[in-house]
Amino acid sequence: MLSKKQSLESIKAESSGLSGPLPTELVNEEDHFTEAAKQLLKFHGIYQQHDRDKRGVKDYSFMVRTKLPGGQLTAEQYLVHDRLASQYANDTLRITTRQTFQFHGVLKGELQATLRELNSAFVTSLGACGDIVRNVMACPAPTDDPQRTAVQDFALHLSDALFPRTSAYHQIWVDGEQMVEDKAVEEPLYGKSYLPRKFKIGVAYPGDNCVDVYTNDVGLVAIFDEDDLLTGFNVLVGGGMGITHQNEETITRLGDLVGYVEVDQAVDLVKAIVTIHRDFGDRENRKHARLKYILHDRGVEWFINELRQRLAFPLQAPREMPEFEVEDHMGWNAQGEDLWYLGIPVENGRIADWDGYRLRSGLRKVIERFNLGVRLTPQQSILLTSITTAQRPEVEAILRDHGVKLVEDFSNVRRYSLACPALPTCGLAITEAERVLPSIMTEFEATLSELGIPDEALSVRMTGCPNGCARPYVAEIGFVGRSLNKYTLFLGGKANGTRLARPFLDLVEGDQLVPTLRPLLAYYRDTHQPEESFGDFVTRLDFDALHQYLAAENLLVSGD
Ligand code: SRM
Ligand code: SF4
């Protein structure tokens with residue numbers, strides 16, 4: 001733990017642009033870093049972890065997260081990730097819920113080579129973690145429509161504009177220098193101490209909330225005029241998921257719609273919001289340091305006034321926008337004339353080879369053979385882009401030869417499910433998530449079939465702790481790790497990401513999650529209104545009424 005004197009704020013401030021003890025500790029004999037260095041490593045996209053399956057020993061290794069704005073990669077960049085996964089990591093690649101890749105199991109002595117090789121393919125991990133603007137999300141669907149492409153290009157441009165200026169990353173990992181010079185540490189946006197906490201941005205198309213735009217610190221929703229020209233963005237502020245069990249001061253929150261800005265004002269707008277977080281965020285209490293608490297504590301009106309004072313242009317009234325749906329972009333989709341993209345579901349984002357299901361090898365082969373572009377989705381899945389009509393059958397045949405499951409092989413409930421990595425890598429995990437969700441999905445599929453509703457498209461998300469990395473609080477059904485093999489069951493999020501779920505039952509045993517839901521699903525099947533989703537149904541009926549129904553029928557399986 002850090003002593004008071006060594007608070008994270010002072011480590012950041014004294015780090016000479018995020019360098020601190022890193023250059024010297026990187027080359028010492030230890031297999032891990034000290035606490036101060038460990039904190040700075042996060043800004044470089046690196047987490048010190050240990051294998052939590054191994055009790056009694058700390059078997060150190062590192063998670064490395066690359067920064068991929070909008071989830072976009074070239075074939076070459078994908079293939080470098082794929083190669084490094086075998087060379088230095090645990091033979092898997094993990095697509096994250098923010099459209100990036102993670103490597104797990106990298107040893108300290110191989111960090112530099114990993115980052116250097118990524119850098120040679122123009123991929124960075126700087127700012128993938130830490131108190132800084134994280135990977136900028138954007139709808140990944142490729143298109144030949146220049147207006148739509150303009151939105152994705154804007155997200156990349158925004159990401160560049162918010163990129164940290166420090167040269168420490170390059171000096172430490174790429175040049176391999178042991179002393180980091182002080183001269184280039186001017187950070188006009190972030191300042192010496194960077195932000196009080198992480199800062200997340202998502203850019204959405206109107207009507208398609210695939211980026212879960214309301215859960216971001218800043219969400220931008222593109223607005224088009226009647227000629228389909230991108231004119232600007234509606235601005236959402238103050239979303240965030242992470243809470244702490246039994247700490248009512250911590251909250252989940254959806255962003256508030258605060259206004260509209262023109263396209264050429266949007267970068268300055270986001271910078272101004274970042275500076276409000278920088279200047280007013282809580283630097284004493286990290287559990288209260290996200291932007292959402294500024295809005296919660298001071299109010300939206302206060303925030304808008306403060307923002308207006310920092311803008312050289314007016315914050316206009318929000319424009320009308322269509323109701324959101326969520327498009328996961330799976331299957332074959334037109335990308336333009338004679339071009340297609342193929343969305344392949346990746347269960348919980350884990351790209352690996354298993355017996356008879358060689359996803360990693362199959363992807364490598366088609367990407368290499370046809371030089372395909374790659375996009376990662378916020379649902380932890382992958383899009384292979386720019387496939388010609390003539391190439392389609394061969395692409396599909398190669399994937400099939402490797403046993404790769406395409407979207408038609410997935411039930412809806414599995415297709416829309418998400419889980420965070422949790423055990424054994426995540427140091428904060430209380431329970432399992434990624435490793436158990438596939439078998440929970442099998443149980444779910446059997447239950448839905450028995451109930452005669454096998455195609456029900458439910459959104460189920462599971463996390464190993466309440467930090468909310470798979471955004472369970474906007475799912476219709478959320479399983480949130482609570483204590484050893486026990487979960488809090490959240491219900492009632494809206495499938496389009498515009499309503500929060502609420503806790504329904506606490507301390508449900510892992511093997512009782514589906515049995516607990518079964519009577520509710522049967523009740524839903526029998527009594528829901530036309531077109532009513534499960535999330536809307538449980539919200540309309542109110543939780544007390546549902547608890548009474550389950551108790552009266554003696555169907556309350558678990559929890560308290
Ligand atoms: Fe997360 C911390 C994994 C998206 C909220 N998250 C972590 C760490 C780094 C654990 C740690 O601090 O020691 C996890 C690494 C586990 C591992 O072994 O790989 C981790 N978070 C992930 C990923 C990989 C989950 C996934 O299933 O893909 C996602 C990486 C995204 C990326 O590419 O940048 C990931 N994390 C999220 C999201 C969802 C989002 O951003 O859309 C959230 C909720 C939104 C939000 O930020 O409010 C999220 N992660 C957290 C929090 C709680 C933050 C808070 O404000 O309370 C933590 C803990 C912390 O920061 O102290 C955390
Ligand atoms: Fe770890 Fe918790 Fe995030 Fe899961 S939700 S990855 S357990 S921090």
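Numbers here are sequence positions counted from 1. Counting starts at 1 for both ligands and their atoms, following the listed order.
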Problem - Carboxylate-amine/guanidinium contact E187 R165, below 4.0 Å - result: no
Handout entry: Ion pair E117/R83, N-O distance below 4.0 Å
Key = yes
Exercise for the section: Salt-bridge test for R415 and D328: reply yes if a basic N is under 4.0 Å from a carboxylate O, no otherwise. Expected result: yes
Handout entry: Parallel, tilted or perpendicular, as decided by the 30° and 60° cut-offs, for the rings of Y60 and H50
Key = perpendicular
Problem - Distance (rounded to the nearest 0.5 Å) between I477 CD1 and T516 OG1 - result: 11.0 Å
Would you tabulate the side-chain donor-acceptor contacts of residues 215-222 under 3.5 Å, counting partners in other chains and residues two or more places apart, or write 'none'?
residue : atom : partner : partner atom : Å
T215    : OG1  : D212    : O            : 2.7
N216    : OD1  : R98     : NH1          : 3.0
N216    : OD1  : R98     : NH2          : 2.9
N216    : OD1  : I201    : N            : 3.4
N216    : OD1  : G202    : N            : 3.4
N216    : ND2  : D212    : O            : 3.2
D217    : OD1  : K200    : N            : 2.7
D217    : OD1  : R290    : NH2          : 2.8

Exercise for the section: Any side-chain hydrogen bond (donor to acceptor under 3.5 Å, both in side chains) involving residues 104-113? Give me the pairs, sequence neighbours left out, ordered by first then second residue. Expected result: N28-K108, Q102-H104, H104-R350
Exercise for the section: Compile the protein residues with any heavy atom at a distance under 4.0 Å from an atom of ligand 1; present them by chain, then by number. Expected result: Y47, Q49, M63, R65, R94, T96, T97, R98, T100, Q102, H104, R197, K198, K200, G240, M241, G242, R290, Q380, A419, C420, P421, T425, C426, L428, N467, G468, C469, R471
Handout entry: Taking every non-hydrogen atom, the tightest pair across G468 and Y473
Key = CA-CE1, 3.9 Å
Handout entry: Shell of residues surrounding ligand 2, defined by a 4.0 angstrom heavy-atom cut-off that is strict
Key = C420, P421, A422, C426, L428, A429, T463, G464, C465, N467, G468, C469
Problem - Charged N-O contact under 4.0 Å between K54 and D59 - result: yes
